[in-house]
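Fair warning: this is a prediction, and the values are worked out from it, not measured in the lab.
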Amino acid sequence: MGGVIVRNIIGYLVQILPCALLCLLPFRSRFRTSARRAWLAAAGILAVGLVPFLVIAVFPLVVPGGAPGEIYNPLQNLVFLAIVGALFILYVRVVDAGPAQKTFVFSLAMLVGFFATFTSSNVSYLMGFAEESDGFMYYPPRLAVLAATNAVLFLAMLPAMRAVERMLAAHVAPGVWWRMAALPLLLVLTLLIGAWLPPLNYARLYFCLSFVLAVDAVLLVLWMLHMVRTAVEQANRQAMLERALRDHANARETLASELVEARERVAALERLAAQGESVAPPRRAPQPIVLSTPTRAVSFLPDEVTHVDSLNRVRSVHFANGESVPIDMTLAAIVEALPCDRFAYCHRSIVVNLGHVRQVATQEVVLDTGERLPVSRRRLTELREALANA
């Protein structure tokens, strides 16, 4: 009895753990709860489901005249499917993704699980291992073939699941995911129905059809992943094209408005020249300053800024209204974007707006907002000269 229990525990885990890992691998950074809590819940479901699974396995050994076979193995399959259903409910609640994406990944994992089960059964039969069966579901030769098949398929699916993880970050419509999920779901349903139907009388034909279906499943899954990758690339290209068109349209509008303003200024200058009046150069409105990084962009007018500092490796732009915005740029790069006649260093890590300076002391600068900033000895003379020339 001990050997039967150990074999069923190993077979139980070998069949269900690879599928569970494949389901979670693309979503490892998208849990609604902590990973530890999710794994504990999954372990609880597996432990609870293992009890009836083992009870059915050893029942023929404790019942007088009982024998494993046609009755107990299907019961174990039903328990196994119930456990998969419970894990699917947990998977739906824990993973933070769209229903179509979760269905697609789950259907791929289930297809791998069914493919491994049918492949191990057919290989065991063709290699003559079925003659060594003791009537239980996991007799030693088939258990070895099942473990090897799951290991090979799991390693083969790891790159595919990583590719799916990258595809999840792309803007692919949910309808595409649903259409892609329909194919593995149909194959799983076909395999599931075929498992419960009586085998054909012609054993060779039956196994040939099984292998053809398995090969077709692999080819179709590879084709499906290729189609998803193509859809992702097309979506990215479309997004880049739309962004380029928007930037082009904005540039045209800006250029058109500047052209209109220039024509108006020229017309005004011509009118003044015709009247014999002296023409004073027009005063340009202050231009906004734009600080851009790969992740964000900040736009502001020079007068809105009181100072810029770099404290604890964090560069921040401080505004007169009391707000501050962190920016992932070096202080030197920020200073280069500021007008040099309106900003000056008061400290090696602080640049102050001269228009907001109210008082300069030996060790500090007082701003018109009431804020006090430190002044280094080396920067004090430079600061006073900048204020005199401002």
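One finds a salt bridge joining R379 and E382 here, because a Lys/Arg side-chain nitrogen approaches an Asp/Glu carboxylate oxygen to under 4.0 Å.
At a threshold of 4.5 Å between non-hydrogen side-chain atoms, the residues H307 and E371 count as touching. Two residues are said to be in side-chain contact when any heavy atoms from C-beta on lie closer than 4.5 Å; T369 and N321 fail this criterion.
In this view, D368 and H356 satisfy the side-chain hydrogen bond (donor to acceptor under 3.5 Å, both in side chains) rule, not counting sequence neighbours.
Of the possible polar contacts, none joining the R32 side chain to the D96 backbone as a donor-acceptor pair under 3.5 Å is found. Y12 places a side-chain N or O within 3.5 Å of a backbone atom of L46 that can act as its donor or acceptor partner.
The minimum heavy-atom distance between P302 and N353, with the atom names listed, is O-ND2, 2.9 Å. A pairwise comparison of heavy atoms in V105 and C23 identifies CG1-O, 3.6 Å as the closest pair. Between A156 and P159, the shortest heavy-atom contact is O-CD, 3.4 Å. Contact record, A42 with L90: N-CD2, 3.5 Å, taken as the closest heavy-atom pair. Taking all atoms of both residues into account, the shortest heavy-atom contact from K102 to F27 is CA-CZ, 4.1 Å.
Residue I350 shares its hydrophobic cluster (ILVMFWY side chains chained together at separations under 4.5 Å) with V352, L354, V357, V360, V365, L367, L373, V375, L380, L383, L387.
Taking the six-membered ring for Trp and thresholds of 30 and 60 degrees, F53 and F80 have ring planes inclined between 30 and 60 degrees apart.
Remark: of the listed residues H347, R372, Q359, R372 is the sole one forming a side chain to side chain donor-acceptor pair (under 3.5 Å) with E364.
Between the CG atom in N150 and the CE atom in M157 there is a gap of 12.5 Å [rounded to 0.5 Å]. The distance from the CG atom of L158 to the CG atom of L153 is 11.0 Å, given to the nearest 0.5 Å. Rounded to the nearest 0.5 angstrom, I289 CD1 and E304 CD are separated by 9.5 Å.
For CG of D328, the number of neighbouring non-hydrogen atoms (other residues, nucleotides, ligands) closer than 6.0 Å is 12 at most. Atom CZ of R348 is surrounded by 12 or fewer heavy atoms from other residues, nucleotides or ligands within 6.0 Å.
Note on W178 and F106: separate hydrophobic clusters, where clusters join Ile, Leu, Val, Met, Phe, Trp and Tyr whose side-chain heavy atoms are under 4.5 Å apart, directly or indirectly. Residues L25 and V92 fall within the same hydrophobic cluster, defined by Ile, Leu, Val, Met, Phe, Trp and Tyr side chains chained together at heavy-atom separations under 4.5 Å.
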Practice problem: Go through the steps to decide whether V325 and F300 satisfy the test side chain to side chain contact (heavy atoms under 4.5 Å, CB included), and finish with yes or no. | Solution: CA-CA 11 Å; V325 176; F300 53 84; over 6 Å; no
Residues 309-316, side-chain donor-acceptor partners within the protein, below 3.5 Å, at least two apart:
unit_1 : atom_1 : unit_2 : atom_2 : d
D309   : OD1    : H318   : NE2    : 3.1
D309   : OD2    : H318   : NE2    : 2.9
R315   : NE     : M329   : O      : 2.7
R315   : NH1    : R313   : O      : 3.0

